[in-house]
Amino acid sequence: MTKYQRVPGTRDIFGPDMQRFNAVTQVFCRVGCRFGFEEVATPLFEDTAVFAKSLGEATDVVGKEMYTFDDRGGDSITLRPEYTAGIARAYLSNGWQQHIPLKLMAYGAMFRYERPQKGRFRQFHQIDAEILGTPEPQADVELISFAAMLLDELGLGDKVVLNLNTLGDGESRSAYRSSLVAYFTAHKASLSSDSLDRLEKNPLRILDSKDLGDQALVMDAPIIDSSLSQTAGVFFERLTQALDALNIQYVRNPRLVRGLDYYSHTAFEFITTHLGAQGTVIGGGRYDGLIEQMGGSHTPSVGWAGGIERLAMLIEEPAMVSDSIVMVPTGEAAMLAAFGVVQSLRKAGFRVEQGFSGNLKKRMAKANAMNAKVALILGDSELEQGVIAVKDLSTAEQKLVRLSELETALSTYR
RNA sequence: GCGGUUGUAGCUCAAUUGGUUAGAGCGCUGGUUUGUGGUACCAGAGGUUGCGGGUUCAAUCCCCGUCAUCCGCCCCA
């Protein structure tokens, strides 16, 4: 057995897994670009306070899932557990107010100390999109339609359902919160122990409890709509109208809540039933108060994040493409000459591979195994005549080509 | 943090109620006469049965512990 093991919850991504992973990020960047999002890269770690304050001290992410440590200078550092807080910090640090409305996209690694499970890792990767500095529901619409188009182009249109809710503005939210607390406190006796906890920390979370007893209670719990302020109601109305106009299907889920404290108004999740307990594939919402709370001026914003691993698990395996050309030299002199030929083909933009060992037969077998399109065979007799054998591996046709005309002969394989 | 599942070759899996030298397929290496791939055939390498302890004449198999894995709770992407 090998001495070293992966740290639990981490993965080594290779081969088909890597292709799936790349397929997700590539489609993400392509679609985001069409919407005018600009790519941004922020640090993998931040001052601990950046996350602790913004996500909410009582949330599980902050309370028990962060990778936090003191660096050699004695500062408390945290590996990013999510994107938004770091991006908000970057916005403040760099004075990006000047670019409002700022449409940003990013992807990269996140770290959360959780029990690993299907679709849940300790180091995982997210794609992320944010629009900073716009109070209008149009921004929410654009973000949701970005996500929907992304899922569509990944071929997941019918595997995923958009759940939509509003948490209202601050006023509505605290009104709703107290009516929920009143309701559940009255039924305290029949709540699960988990939910008794939630009643203290985050009563909204009781709404999506999986406990059957809780769910029965939740059926009759008050819903947000009755606590919604007029402005919050209008905001949500305008959002849903636009989604209807764009023909984006959604399910109104009044029990959809979000785990992080900074959300308000719009909350949404794209959910699948194909991944066991980890159904949320993209989730996000509006966070009008976050940047102000972090010391900036009032900067209403929206955003979402998607789990790359989860998306990668759902998509069809990308077709293996190989357009490569393989050089097969035989004999010492040819081996040396082959290097030069390979180099000039590569400079000309061809994808050329070259084995390092084996006789002609082995090299041909290798070329075949890597699904190459053409083999270039170069031996002593070819060298003498200044030619090279070009063999199409799918048709098995082979012809001699002058070395000087090789590039044009290969132009169809570029 | 709580509950359960599984751990045998690089990979996917076998091995009768505990019983000789732990097998197969794929992959890998070499070969089936000179410089031509896919198919077929032959041969070979590769294992401290996760690790540690216990029961037994005898443990891959039973028991305990431990590590890892996967699944559920929790939480979230």
* Donor-acceptor pair under 3.5 Å: do we get one between A/Gln398's side chain and the base of B/G35? -> no

* For residues A/Asp169 and A/Ser264, determine if any side-chain heavy atom of one lies less than 4.5 Å from a side-chain heavy atom of the other. => no

* Choose from B/C70, B/A77, B/G35 the nucleotide whose nearest atom is closest to any side-chain atom of A/Thr280. => B/A77

* **Pairing partner (Watson-Crick or G-U wobble, both distances under 3.5 angstrom) of B/C57** => B/G19

* **Closest listed nucleotide, where the reference is the side chain of A/Arg120 and the choices are B/C73, B/G72, B/G37** => B/C73

* To do: Would you mind telling me which residue lines up with the more 5' stretch of RNA chain B, A/Gln126 or A/Leu275, judged by nearest nucleotide?
  => A/Leu275

* To do: Run the ring-centre check on A/His265 versus A/Phe236 and record whether the distance is less than 6.0 Å.
  => no

* To do: Consider the side chain of A/Asn368, meaning its heavy atoms from C-beta on, and name the nucleotide among B/G35, B/A77, B/G38 that approaches it most closely.
  => B/G38

* Structure fact -> By the Watson-Crick or G-U definition, both distances under 3.5 Å, B/G7 is matched with B/C67

* To do: Using a heavy-atom cut-off of under 4.0 Å over every strand shown, decide if A/Asp128 touches base, sugar-phosphate, or nothing.
  => nothing

* **Among B/A77, B/C2, B/G38, the nucleotide that comes nearest once only the side chain of A/Glu114 is considered** => B/A77

* Asked: According to the Watson-Crick and G-U wobble definitions, with both distances under 3.5 Å, which nucleotide is paired to B/U39?
  -> none

* Structure fact -> Among the nucleotides B/C75, B/A77, B/C73, whichever has the atom closest to the side chain of A/Glu65 is B/C75

* Report yes if the distance between the aromatic ring centroids of A/Phe21 and A/Tyr107 is under 6.0 Å, otherwise no. => no

* To do: Answer yes or no: does a side-chain N or O of A/Arg115 lie under 4.0 Å from OP1 or OP2 of B/G72?
  => no

* Tell me whether the guanidinium CZ or amine NZ of A/Lys103 lies under 6.0 angstrom from the six-membered ring centre of A/Phe37 and within 45° of its axis. => yes

* Asked: Which one, B/U36, B/C75, B/G30, comes nearest to the side chain of A/Asp60?
  -> B/C75

* To do: Assign A/Gly331 to base, sugar-phosphate, or nothing according to its heavy-atom contacts below 4.0 angstrom with the strands shown.
  => nothing

* Asked: Which of these nucleotides, B/G35, B/C74, B/G38, is closest to any side-chain atom of A/Glu382?
  -> B/G35

* To do: Describe the nucleic acid contact of A/Lys366 in one word from base, sugar-phosphate, nothing, applying a heavy-atom distance below 4.0 Å.
  => nothing

* To do: Among B/G35, B/G38, B/A77, find the nucleotide with the atom closest to the side chain of A/Ser381.
  => B/G35

* For the base of B/U36, is there a side-chain donor-acceptor partner from A/Lys361 under 3.5 Å away? -> no

* Asked: Looking across every strand, which nucleic acid part, if any, lies under 4.0 Å from A/Arg6 by heavy atom: base, sugar-phosphate, or nothing?
  -> nothing

* Among B/C74, B/A77, B/G38, the one nearest A/Arg310 by side-chain distance -> B/A77

* Asked: What integer distance in Å separates A/Asp197:CG from B/C73:P?
  -> 17 Å

* Salt-bridge test for A/Arg252 and A/Asp225: reply yes if a basic N is under 4.0 Å from a carboxylate O, no otherwise. => yes

* To do: Report which part of the nucleic acid A/Phe270 touches: base, sugar-phosphate, or nothing (heavy-atom distance under 4.0 Å, all strands).
  => nothing

